[in-house]
Protein chains: 2
Amino acid sequence: MADRRRMPRSREVARELRQAIEAGELLPGSLLPSERELVAKYQISSGTVNKVIALLKSTGLVVSEVGRGVFVRRRPQLIRHAHDRYARRWRESGKAPFKAEVEAQGRSARVEVTSIARIEPPKWVAERLGLGGGDHVLRRENTYYVDDAAVQIVNTYIPLSIAEGTSLEEEVPGPGGIYAAFEEQGHRLTRMLEEVQARMPRNGEVERLNAEPGTPVLDVLHISYDQDDTPMDVSHFVLRGDENVLTYELPTE
Amino acid sequence: MADRRRMPRSREVARELRQAIEAGELLPGSLLPSERELVAKYQISSGTVNKVIALLKSTGLVVSEVGRGVFVRRRPQLIRHAHDRYARRWRESGKAPFKAEVEAQGRSARVEVTSIARIEPPKWVAERLGLGGGDHVLRRENTYYVDDAAVQIVNTYIPLSIAEGTSLEEEVPGPGGIYAAFEEQGHRLTRMLEEVQARMPRNGEVERLNAEPGTPVLDVLHISYDQDDTPMDVSHFVLRGDENVLTYELPTE
DNA sequence: AAGTGGTCTAGACCACTGC
DNA sequence: CAGTGGTCTAGACCACTTA
């Protein structure tokens, strides 16, 4: 009742396969017919079959592995990032919220510090930190893993005026993470701002997050403020969109 | 320095074009060489050129129009959805925050009420509203337009026990929108929860949002609670990912 | 009418997997 | 080794836009 003009054959076939999957005829984890079989079954060329598979992959319904086949994707367990993930109670518990959330699902969590360096900040960081030209920042790059698959990349930028000479420059800034280290320097987290966007992964991210090309990422810019409303850090999160949910709880005035 | 194994020719060519665009050799709004010209220039087949274009489209760098050509995308103006978009101050001002935000950018905003109906709620709505079997809800479907292009679809579900017989069942529930109507019924908004995900558009959404296939959407589930912590409504937002930013301001404990 | 993107064909070769 | 997905070719036809 919807399509007024004829659908391309590739979309038709993709729709049939999608319906078979949703109807449970093809169970999660199971193998689709091979491309050659689909060529014979639907009387279409290999190029078209390849496009059909590309369409299904782009919606995250299937994953392909060269030499093995195309599999119906297992519904990924979502990782929830709660609004209170920065709350003091987490720091005091000594367990990072990411780790707690993931392990509660029976999966293993790991964080890797990729690099720590003093750099000249990109302008979008300098702006948000209220820095002038010449001011430098400490950049901490982290990668978060679940079951040894990267799901999240985080770059944190901290004004050198705050970080210089403190444990923030060390690989492990101490128990409770960087926000505990901020408190030791007298900067208490009172407020934060997050800007959330959805976009396609950039080139390097496809590999770093081993996201299937065609699945989007959540791009989150986080800014923390201390008791004087001075920005303490800007953190840039890139999360695999299909495996993460952000939750926010907001009081209204 | 990065690629250990040979890149497919289609990605190589896509990279060259992307660099040309980023270097400013191809300005936003300008026309790329036609597919036939690219075939000749890069000595590749038409199928490969088509794939190159598909790659560039999938990152949102270009848009194609049949019969016209492929254009470097103009950087879209972002629509910001502020954390305080439900604040009472907006209701009292009589101007919806969406409209205010968009018009501040010199663009035109419009909301269309697509349908209002009493229905049996989907289970994910019933769960969040705390409804049992047999309870019904009022569903209000809206589409939001900027410059006459749809950028946002919203479905709002309200328990019939709250909405029945009130102005919430009318197309225009009164000045100040539905939250003002809630207040008239004695339900004051005190708290809300949002769950944010990034995903690819589903079939119908590609057309309704006239999003280029290949650009993701933000999927936001919003739940409002009144002074008794009773859920008043569940709203499901689908936004074009490339044109919207969500911002959240969060106090810490 | 000429040019455009979108789709498709009927093959081919490649790197990879698993037996 | 046979089978798999990924990529590519050298065409073709279609619906569409612009002039």
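Since the structure is predicted, the reported quantities are computational estimates derived from the model, not experimental observations. Just so it is clear: chains get the letters A, B, ... in the order the sequence lines come, proteins before strands, and each one is counted from 1. Note that these values count all heavy atoms, side chains included, but never hydrogens, waters or copies made by symmetry.
- Distances shorter than 4.0 Å separate none of the side-chain N or O atoms of B/K51 from OP1 or OP2 on D/dC8.
- Take the nearest nucleotide of DNA chain C for A/R9 and for A/V66: the residue whose nucleotide is more 5' is A/R9.
- Regarding contacts with the backbone of C/dT7, every side-chain N or O of A/T48 stays at 4.0 angstrom or more from both OP1 and OP2.
- Of the candidates B/L32, B/L56, B/L27, B/V72 forms a side chain to side chain contact (heavy atoms under 4.5 Å, CB included) with just one, namely B/L32.
- The distance from the CZ atom of B/F237 to the CG atom of B/N155 is 10.0 Å, given to the nearest 0.5 Å.
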Between A/V220 and A/L246, is a side chain to side chain contact (heavy atoms under 4.5 Å, CB included) present by the stated rule, with each step listed?
-> CA-CA 10 Å; A/V220 182; A/L246 304 174; 3.6 Å; yes
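- When only modelled atom types and interatomic distance are considered, A/Q197 and B/N244 share no side-chain donor-acceptor pair under 3.5 Å.
- Atom pair A/L32:CG and D/dG5:P shows a separation of 9 Å (rounding to whole Å applied).
- Within the model, atoms CD of A/E194 and OG1 of B/T247 stand 10.5 Å from one another, a figure rounded to the nearest 0.5 Å.
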Pairwise N/O distances under 3.5 Å, protein to nucleotides 10-14 of chain C:
| from | atom 1 | to | atom 2 | distance (Å) |
| --- | --- | --- | --- | --- |
| C/dG11 | O6 | A/S46 | OG | 2.6 |

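- Candidate nucleotides D/dC8, C/dG6, C/dT7 were compared by shortest atom distance to the side chain of A/P8, and C/dT7 ranks first.
- Spacing between atom OH of A/Y42 and atom C1' of C/dT9 amounts to 19 Å, rounded to whole angstrom units.
- Residues B/I53 and A/G67 both approach DNA chain C. Their nearest nucleotides, taken by heavy-atom distance, put B/I53 toward the 5′ side.
- Judged purely by atom type and a 3.5 angstrom limit, B/R68 has no side-chain atom pairing as donor or acceptor with the backbone of B/S64.
- Applying the 4.0 Å criterion to OP1 and OP2 of C/dT4, one finds that B/S34 has a side-chain N or O inside that range.
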